[in-house]
Participant: 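The structure follows.
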Amino acid sequence: APQDPQDVANPARPSDAVGTVRNIDPDAAATVVRDGAQGVRWASPKERAAALSRAADLYEAEAGTLFALAAREAGKTPLDAVGEVREAVDFLRYYAAEAERLGAEPRGVVVAISPWNFPLAIFTGQIAAALAAGNAVVAKPAEQTPLIAAFATGLLHQAGVPVAALQLCPGGGTVGAALVAEPSLAGVAFTGSTATAQRIDRQLAQTAPQARLVAETGGLNAMVVDSTALPEQAVRDIVVSAFQSAGQRCSALRILYIQEDVKDRILDMLTGAMDTLVIGDPWRRETDVGPVIDADAKAKIEAHVRAAAEDGRLLKRVGCDDGLFVPPTLIAVRGIEDLHEEIFGPVLHVATYKAEDIEAVVDAINATGYGLTFGLHTRIDDRVDQVVRRIRVGNIYVNRNQIGAIVGSQPFGGEGRSGTGPKAGGPHTVSAWAHCDRHTMATDTGRAATPEGVQEAIDRLSIDDHPLATEDLPGPTGESNRLSIHPRGIALCLGPTVDRANAQAAKARQSGNGAVIIAPGATPNGDGMVAAVDGVLDPAALSRLQGFAAVYIEAAPGPVRKALAARNGPIVPVLSAGEAAVIERHLCIDTAAAGGNARLLATTED
Ligand code: NAD
């Protein structure tokens, strides 16, 4: 039941009518999810791989049309449009290979909801990962960018993905909300804002507690530049990280910390570099910075800049502010604690720090609860170690820019309020959409475990954040790409029987987590990382307990999810004994960038 056609706008040129879209009626969207069951297990793993690979070929053959759509509908510059198509093709080929490697069984119908800022790459990546495991996918693109999504869906169908296995539902937030409210769905792949992810999590807790949510959300991304950094390299990478794509990347640099000794030099070069940026129509090859996506986005950014200007904190603005263009802007702040939300545009905040305070800077970044990207420019290896060990973000970049992750080489995604994991374009993405057994069983009866008793047990355990495993991933010469797996923290193991709770604790411990076993008849096993509370916990207590990072339960996850979704802050995963409670961090170092003898510099520190 399509609605009346609506115009799709070109953010750079109001006179350019890119096309029209007929959005789906929200009620009809729910039916599409219900009917999606027919498309599940749509082919053998080998056939799925072949279809996804054919789709990659078709995307490449149609690159010209895709570039034009990315430029006209999403305001992408030529550089960004090329990156967009390349990333989409990489996702298709990588997940095709994963389909064959894993031979996974599907979970069911997966709803994929994507943002406008990567209208082809993220749209395609979400779909391809779920399809690779044999799921049926109902895809909802962002309301601003339905045309490139429709064209890509046509190519996927042409490549052999059955229409029953991939359905497109164009529309806005109300269509998205209708899709995720359908009780029969098996999972939601979401990329967008942290607030929307939380809304979806609360909906799933109510109506589809069995559904897996993989959410990739926003961040308050920082870069630290110390006094040993090469200023030319640092400034080049700051400009790209903050202003490419008009700052409309989730990974984009939002706050730059400059060691105070080099502040004047770096700021001088940075403002000079900003003067050379070309702001304008992305259809022109010389353009560096295109428009922001729509009037709402511009109004929010401009209000933020106005407030800073009124406080006398505006350091620099360059270029035109006609139409939907926003001039690249520098704003002075004391530190990341002055940033209250993600400003999704070409606005960079700048703070200084004293050399001896570098760990306090990292702690302040961690304290925001976001953890998406982080950049560091330094020529001291020890400082890289010191900072990398302390920072809690998904993707860390050293001596290079902090945007533009490459599929298979730099799996991408955040932790805490920035995302649930697993990372996109990595070795754990497709298995997130594979079938996973959940035991069904009756809850053992027993006396109530008090929330205070459980909190004490949590507080007694210490957390070990050593990586469990690291893997060097392929990449170009001169760049090191290392993926590491870390424990999440403390897992609550709710059984519901003591046998299941013990199995869950064993699984949690296997990946380095602490575990609190809460079940009738639970007894401690003597390991310092496991505590036990004998009794049954009222799930409602989970909205108030502190200091845990995952919950294991087999039967009846609904009440547990509801209590967890009522919390603010990171989405806490609800797992069954087959699933590992881990987070992935990626470290990318430009090993060719340093220039100069870092060892000599390092010895002055000893
Ligand atoms: P958004 O959250 O407003 O919208 C994202 C998608 O969710 C859209 O398709 C939208 O229609 C849909 N949606 C809105 N309300 C919904 C609801 N109640 N239920 C279901 N779906 C709903 O985000 P946006 O403005 O389109 O995208 C920008 C945000 O995305 C930024 O915060 C950015 O950091 C984030 N982002 C994150 C990543 C990542 O990988 N971590 C990548 C790109 C963008």
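Here, residue 1 is the first one in the sequence, and each next residue gets the next number. Worth knowing before you read on, the calculation uses all heavy atoms, side chains too, and leaves out hydrogens, waters and symmetry mates. Bear in mind that the values here come from a model prediction, so they are computed numbers and not experimental data.
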Participant: Decide yes or no for Ser576 and Asp437: does some side-chain heavy atom of the first lie under 4.5 Å from some side-chain heavy atom of the second?
Facilitator: no
Participant: Can you measure from CD (Gln126) to CG (Leu131) and round to the nearest 0.5 angstrom?
Facilitator: 11.5 Å
Participant: Measuring from atom OG of Ser418 to atom CD of Glu342, what distance do you get when rounded to the nearest 0.5 angstrom?
Facilitator: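 Output value for this atom pair is 8.0 Å.
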Participant: Is it the case that the side chain of Arg199 and the backbone of Ala177 share a donor-acceptor pair, with hydrogens and angles ignored and the cut-off at 3.5 Å?
Facilitator: no
Participant: Output yes when Arg392 and Glu415 qualify as a salt bridge under the 4.0 Å nitrogen-oxygen rule, no when they do not.
Facilitator: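 Here Arg392 does not pair with Glu415 in a salt bridge, since their nearest N and O are not under 4.0 Å apart.
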Participant: Ile301 vs Val347, test: side chain to side chain contact (heavy atoms under 4.5 Å, CB included). Steps then yes/no.
Facilitator: CA-CA 8 Å; Ile301 302 164; Val347 177; 3.6 Å; yes
Participant: Quick check against the 3.5 Å criterion: does Thr420 have a side-chain atom that pairs as donor or acceptor with the backbone of Ala215?
Facilitator: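 Checked: pair present.
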Participant: Minimum heavy-atom separation for Asp294 to Gln144, with atom names?
Facilitator: OD2-NE2, 3.2 Å
Participant: List the residues meeting side-chain contact (heavy atoms from CB on, under 4.5 Å) with Ala581, not counting sequence neighbours, and say none if there are none.
Facilitator: Arg488, Asn513, Ala550, Tyr552, Leu575
Participant: Kindly give the heavy-atom pair with the smallest separation between Trp433 and Ala133, and that separation in Å.
Facilitator: O-CB, 3.6 Å
Participant: Do the side chain of Glu73 and the main chain of Leu147 share a donor and acceptor less than 3.5 angstrom apart?
Facilitator: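 Checked: pair present.
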Participant: So, are Arg22 and Asp4 salt-bridged, with charged N and O less than 4.0 Å apart?
Facilitator: no
Participant: Side chains of Thr207 and Gln203: donor-acceptor distance under 3.5 Å anywhere?
Facilitator: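 A donor-acceptor contact under 3.5 Å links the two side chains.
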Participant: Yes or no on side chain to side chain contact (heavy atoms under 4.5 Å, CB included) for Leu120 and Tyr59, after CA distance, side-chain angles and deciding distance?
Facilitator: CA-CA 10 Å; Leu120 182 70; Tyr59 273 48; 3.7 Å; yes
Participant: Are any non-hydrogen side-chain atoms of Pro422 and Glu584 less than 4.5 angstrom apart?
Facilitator: yes
Participant: Passes side chain to side chain contact (heavy atoms under 4.5 Å, CB included), Phe374 versus Val398? Steps please.
Facilitator: CA-CA 9 Å; Phe374 173 78; Val398 176; over 6 Å; no
Participant: Tell me the closest heavy-atom pair linking Ser241 and Met223, and the distance in Å.
Facilitator: OG-CE, 4.0 Å
Participant: Taking it one step at a time, do Asn399 and Asp590 satisfy side chain to side chain donor-acceptor pair (under 3.5 Å)?
Facilitator: CA-CA 6 Å; Asn399 291 331; Asp590 183 341; over 6 Å; no
Participant: Just verifying a value: how many Å separate Leu156 CG and Thr124 OG1, rounded to the nearest 0.5 Å?
Facilitator: 6.5 Å
Participant: Charged N to carboxylate O under 4.0 angstrom, Arg249 versus Asp80?
Facilitator: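 Salt bridge between Arg249 and Asp80, a charged N being under 4.0 Å from a carboxylate O: yes.
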Participant: Would you kindly say whether Gln402 and Thr373 are connected by a side-chain donor-acceptor distance under 3.5 Å?
Facilitator: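 Yes, Thr373 and Gln402 have a side-chain donor paired with an acceptor closer than 3.5 Å.
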Participant: Any donor and acceptor pair, going by atom type alone, linking the side chain of Asp7 with main-chain N or O of Ala9 inside 3.5 Å?
Facilitator: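 No, Asp7 side chain to Ala9 backbone: no donor-acceptor pair under 3.5 Å.
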Participant: Do Val239 and Leu277 have side chains that get closer than 4.5 Å, going by heavy atoms?
Facilitator: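 Yes, their side chains come closer than 4.5 Å.
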Participant: Can you find a heavy atom in the side chain of Arg254 that is under 4.5 Å from one in the side chain of Ile343?
Facilitator: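 They are not in contact (no side-chain heavy atoms under 4.5 Å apart), so the answer is no.
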Participant: Quick one: does Ile24's side chain get under 4.5 Å of Gln3's, heavy atoms only?
Facilitator: no
Participant: How close do Val33 and Val138 get, heavy atom to heavy atom, and via which atoms?
Facilitator: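 Of all heavy-atom pairs spanning Val33 and Val138, the closest is CA-CG2, 4.2 Å.
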Participant: Which atoms form the tightest heavy-atom contact between Ala63 and Val85, and what is the distance?
Facilitator: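 Of all heavy-atom pairs spanning Ala63 and Val85, the closest is CB-CG1, 4.4 Å.
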Participant: Could you tell me the separation between the OG1 atom of Thr77 and the CH2 atom of Trp283, rounded to the nearest 0.5 Å?
Facilitator: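 Going from OG1 on Thr77 over to CH2 on Trp283, the span is 12.0 Å.
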Participant: If you measure from CZ on Arg202 to CG on Leu213, what distance do you get to the nearest 0.5 Å?
Facilitator: 12.5 Å
Participant: Side chain of Ser431, backbone of Ala434: donor and acceptor closer than 3.5 Å?
Facilitator: no
Participant: Report the distance from atom NZ of Lys298 to atom CG of Asp296, rounding to the nearest 0.5 Å.
Facilitator: 13.0 Å
Participant: Which atom names give the shortest non-hydrogen contact between Ile403 and Ser251, and what distance separates them?
Facilitator: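 Minimum heavy-atom contact is CG2-OG, 3.3 Å.
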Participant: Among pairs that include at least one residue of residues 80-119, which meet ring-ring contact (aromatic ring centres under 6.0 Å, His included), considering only residues two or more places apart or in two chains?
Facilitator: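 As it turns out, the ring-ring contact (aromatic ring centres under 6.0 Å, His included) pairs with a partner in residues 80-119, which skip direct neighbours, are Phe91-Tyr95, Trp116-Phe344.
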Participant: Among all residues two or more places apart in sequence or in another chain, which pass the side-chain contact (heavy atoms from CB on, under 4.5 Å) test with Gln410?
Facilitator: Arg400, Ala405, Ile406, Glu479, Asn481, His586, Cys588
Participant: Is a side-chain N or O of Thr196 found less than 3.5 angstrom from the main chain of Gly192, in a donor-acceptor match?
Facilitator: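 No.
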Participant: State whether a side-chain donor-acceptor pair under 3.5 Å links Ser245 with Gln248.
Facilitator: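 Side chains of Ser245 and Gln248: no pair found under 3.5 Å.
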Participant: In the structure I gave you, are the side-chain heavy atoms of Arg48 and Val161 within less than 4.5 Å of one another anywhere?
Facilitator: no
Participant: Would you say the side-chain atoms of Gln38 pair up with the backbone N or O of Ala136, donor to acceptor, closer than 3.5 Å?
Facilitator: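 A pair under 3.5 Å: no.
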Participant: Begin from the C-alpha positions of Thr217 and Arg417 and carry the test side chain to side chain contact (heavy atoms under 4.5 Å, CB included) through to its verdict.
Facilitator: CA-CA 7 Å; Thr217 55; Arg417 293 164 68 85; 5.8 Å; no
Participant: Checking Glu87 now: which residues fulfil salt bridge (charged side-chain N to carboxylate O under 4.0 Å, His left out) with it, not counting sequence neighbours?
Facilitator: none
Participant: Charged N to carboxylate O under 4.0 angstrom, Glu60 versus Arg93?
Facilitator: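 Salt bridge: yes.
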Participant: Are the side chain of Asn135 and the backbone N or O of Arg107 linked by a donor-acceptor pair below 3.5 Å?
Facilitator: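 It does hold such a pair.
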Participant: Going through the distances and angles, do Glu84 and Lys76 end up as a salt bridge (charged side-chain N to carboxylate O under 4.0 Å, His left out)?
Facilitator: CA-CA 9 Å; Glu84 184 78 16; Lys76 297 250 166 195; 3.1 Å; yes
Participant: Determine which pairs satisfy side chain to side chain donor-acceptor pair (under 3.5 Å) with at least one residue from residues 166-190, sequence neighbours left out, and list them in order.
Facilitator: Arg34-Glu182, Glu182-Ser184
Participant: Less than 4.0 Å between a side-chain N and a carboxylate O, is that true for Lys423 and Glu216?
Facilitator: no
Participant: Using atom types as modelled and distance alone, determine if a side-chain donor or acceptor of Glu105 lies under 3.5 Å from a backbone N or O of Arg41.
Facilitator: no
Participant: Would you say Thr20 and Gln6 are linked by a side-chain donor-acceptor pair, where the criterion is simply a distance under 3.5 Å?
Facilitator: no
Participant: Should Arg561 and Asp201 count as an ion pair when the cut-off is N to O under 4.0 Å?
Facilitator: yes
Participant: Taking only residues two or more places apart in sequence, or in another chain, which ones meet His304 in a ring pair (Phe, Tyr, Trp, His ring centres under 6.0 Å)?
Facilitator: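 For His304 the ring pair (Phe, Tyr, Trp, His ring centres under 6.0 Å) partners, ignoring immediate neighbours, are His349.
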Participant: Side-chain contact, heavy-atom cut-off 4.5 Å: Glu100 with Lys46?
Facilitator: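 Of all side-chain heavy-atom pairs linking Lys46 with Glu100, at least one is under 4.5 Å.
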Participant: Compare all side-chain heavy atoms of Pro411 with those of Leu473 and state whether any distance is below 4.5 angstrom.
Facilitator: yes
